[in-house]
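Report on the following structure.
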Amino acid sequence: MTSDHRTGPPKFGSERDMLRAYLDYHRATLAMKCEGLTDEELRQQSMPPSTLSLLGLVRHMAEVERAWFRRVFEDNDAPMVWSDEIDFQAAYDASESTRDEAFKAWEAEVETSRRIEREATSLDQAGYQPRWGEEVSLRMVMMHVLLEYGRHNGHADFLREGVDGTVGA
């Protein structure tokens with residue numbers, strides 16, 4: 001991995017500033033885990049039976065960003081990126097994907113999410129979660145997506161160790 005260029009979250013700040021900073025920190029963490037790897041290395045799968053790969057995680061997080069920001073606050077019917085249905089697992093199949101394809105989609109969704117958050121008047125702004133059939137707050141969405149990144153960045157640690165050959169070292 002290359003050096004760590006992430007901006008750490010602040011020690012003090014408003015709730016919104018903290019949520020925004022921690023989300024960006026975790027987004028940068030996922031990108032950092034993928035730095036310096038070839039497409040083939042990014043597609044390297046975890047131990048069977050899992051088909052999880054770093055590239056699959058990037059694709060999955062593009063779907064998460066879309067499902068929780070774009071579909072909730074802008075377009076409830078926006079299609080998923082890699083699935084005609086609401087199938088988050090489809091994104092994990094990165095066997096034919098490239099860094100360029102996956103990162104382009106993920107970065108576009110991150111920018112849309114950031115714009116939606118910036119334009120919201122408050123963390124209490126409500127959006128409609130079509131999968132649940134009910135309204136949710138921007139606060140809840142930001143927390144949910146932050147937790148998704150935290151969970152998947154844990155997976156990314158192990159996947160990167162496997163690619164680097166440092167498992168058990």
Side-chain angles (χ1 to χ4, degrees), residues 2-35 42 52 54-94 97-157 159-160:
T2 59
S3 59
D4 187 347
H5 299 293
R6 297 171 297 169
T7 301
K11 306 293 186 265
F12 298 92
S14 71
E15 178 184 17
R16 190 167 188 167
D17 288 343
M18 296 295 266
L19 286 170
R20 183 183 292 152
Y22 270 93
L23 257 175
D24 281 341
Y25 182 78
H26 277 281
R27 289 166 174 150
T29 298
L30 181 57
M32 183 181 76
K33 295 293 178 183
C34 297
E35 281 182 9
L42 288 168
L52 190 59
L54 284 165
L55 207 53
L57 282 178
V58 171
R59 288 167 47 106
H60 175 72
M61 291 312 298
E63 297 286 34
V64 168
E65 294 271 0
R66 178 172 286 203
W68 284 100
F69 283 96
R70 185 186 305 245
R71 286 178 51 89
V72 168
F73 294 104
E74 261 187 5
D75 180 1
N76 297 146
D77 297 319
M80 299 302 283
V81 183
W82 287 283
S83 170
D84 293 334
E85 303 167 9
I86 309 301
D87 179 6
F88 287 89
Q89 301 304 311
Y92 286 133
D93 180 8
S97 188
T98 64
R99 169 193 290 276
D100 185 55
E101 175 219 23
F103 272 83
K104 189 176 190 178
W106 176 60
E107 289 166 353
E109 292 305 321
V110 166
E111 285 310 310
T112 297
S113 297
R114 285 179 177 141
R115 178 186 51 75
I116 289 168
E117 183 272 323
R118 278 191 316 268
E119 291 174 357
T121 57
S122 106
L123 290 175
D124 292 322
Q125 179 168 321
Y128 180 76
Q129 175 43 277
R131 288 179 28 222
W132 295 355
E134 61 186 325
E135 288 191 340
V136 295
S137 70
L138 176 61
R139 176 183 291 104
M140 183 262 147
V141 167
M142 291 179 77
M143 285 295 299
H144 180 83
V145 174
L146 177 58
L147 292 170
E148 283 278 331
Y149 273 103
R151 180 168 63 111
H152 292 305
N153 281 338
H155 298 138
D157 285 338
L159 289 164
R160 181 63 194 233

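Numbers for residues simply follow the sequence, beginning at 1. Both backbone and side-chain heavy atoms feed into the values below; hydrogens, waters and symmetry mates do not. Quick caveat: nothing in here was measured; it's all calculated off a predicted structure.
- Looking at Q125, its side chain does come within 3.5 Å of a backbone N or O of T121 through a donor-acceptor pair.
- Between R20 and E15, none of the side-chain N atoms (NZ, or NE/NH1/NH2) sits under 4.0 Å from a carboxylate O, so this pair counts as no salt bridge.
- When all heavy atoms of R16 and A120 are compared, the pair lying nearest together is NH2-O, 2.9 Å.
- Going from atom CD of E148 over to atom CH2 of W68 covers 8.5 Å, rounded to the nearest 0.5 Å.
- At a threshold of 4.5 Å between non-hydrogen side-chain atoms, the residues H60 and H152 count as touching.
- Between P79 and R66, the closest heavy-atom pair is O-NH1, 2.5 Å.
- Within the 4.5 Å cutoff, side-chain heavy atoms of R59 are placed close to those of E101.
- Taking 4.5 Å as the limit, some side-chain heavy atom of R115 sits within range of a side-chain heavy atom of E74.
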- Task: Check the pair R118, S113 against side chain to side chain contact (heavy atoms under 4.5 Å, CB included), reporting the backbone distance first and the verdict last.
- Result: CA-CA 9 Å; R118 278 191 316 268; S113 297; over 6 Å; no
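- The CH2 atom of W106 sits 8.0 Å away from atom CD of E65, with the distance rounded to the nearest 0.5 Å.
- Checked by atom type and distance alone, the side chain of R71 pairs as donor or acceptor with a backbone atom of N76 at under 3.5 Å.
- Contacts of R114 classified as salt bridge (Lys or Arg N to Asp or Glu O under 4.0 Å), with partners at least two apart in sequence or in another chain: D24, E111.
- A heavy-atom distance below 4.5 Å is not found between the side chains of M18 and P9.
- The environment of CE in M143 is sparse: at most 12 heavy-atom neighbours from other residues, nucleotides or ligands sit within 6.0 Å.
- Heavy-atom minimum distance, M80 versus A67: CE-CB, 4.1 Å.
- Between the side chain of E63 and the backbone N or O of W82, at least one donor-acceptor pair lies under 3.5 Å.
- Summarising the geometry, atom CG belonging to L138 is positioned 8.5 Å from atom CG belonging to L19; distances are rounded to the nearest 0.5 Å.
- Annotation: side chain of Y128 is not in contact with side chain of V72 (no heavy-atom distance under 4.5 Å).
- The closest donor-acceptor contact from the side chain of R99 to the backbone of C34 lies under 3.5 Å.
- In terms of heavy atoms, P10 sits closest to A21 at CD-CB, 3.4 Å.
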- Message: Evaluate Q129 against E134 for side chain to side chain contact (heavy atoms under 4.5 Å, CB included), listing each step before the verdict.
- Response: CA-CA 6 Å; Q129 175 43 277; E134 61 186 325; 5.5 Å; no
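- To the nearest 0.5 angstrom, T112 atom OG1 is 12.0 Å from E107 atom CD.
- To the nearest 0.5 Å, the span separating CZ on F73 from CD on E119 amounts to 12.0 Å.
- Here the side chain of R70 pairs no donor or acceptor atom with the backbone of E109 at under 3.5 angstrom.
- A pairwise comparison of heavy atoms in A94 and L55 identifies CB-CB, 3.8 Å as the closest pair.
- If you take CG on L30 and OH on Y149, they are separated by 6.5 Å, rounding to the nearest 0.5 Å.
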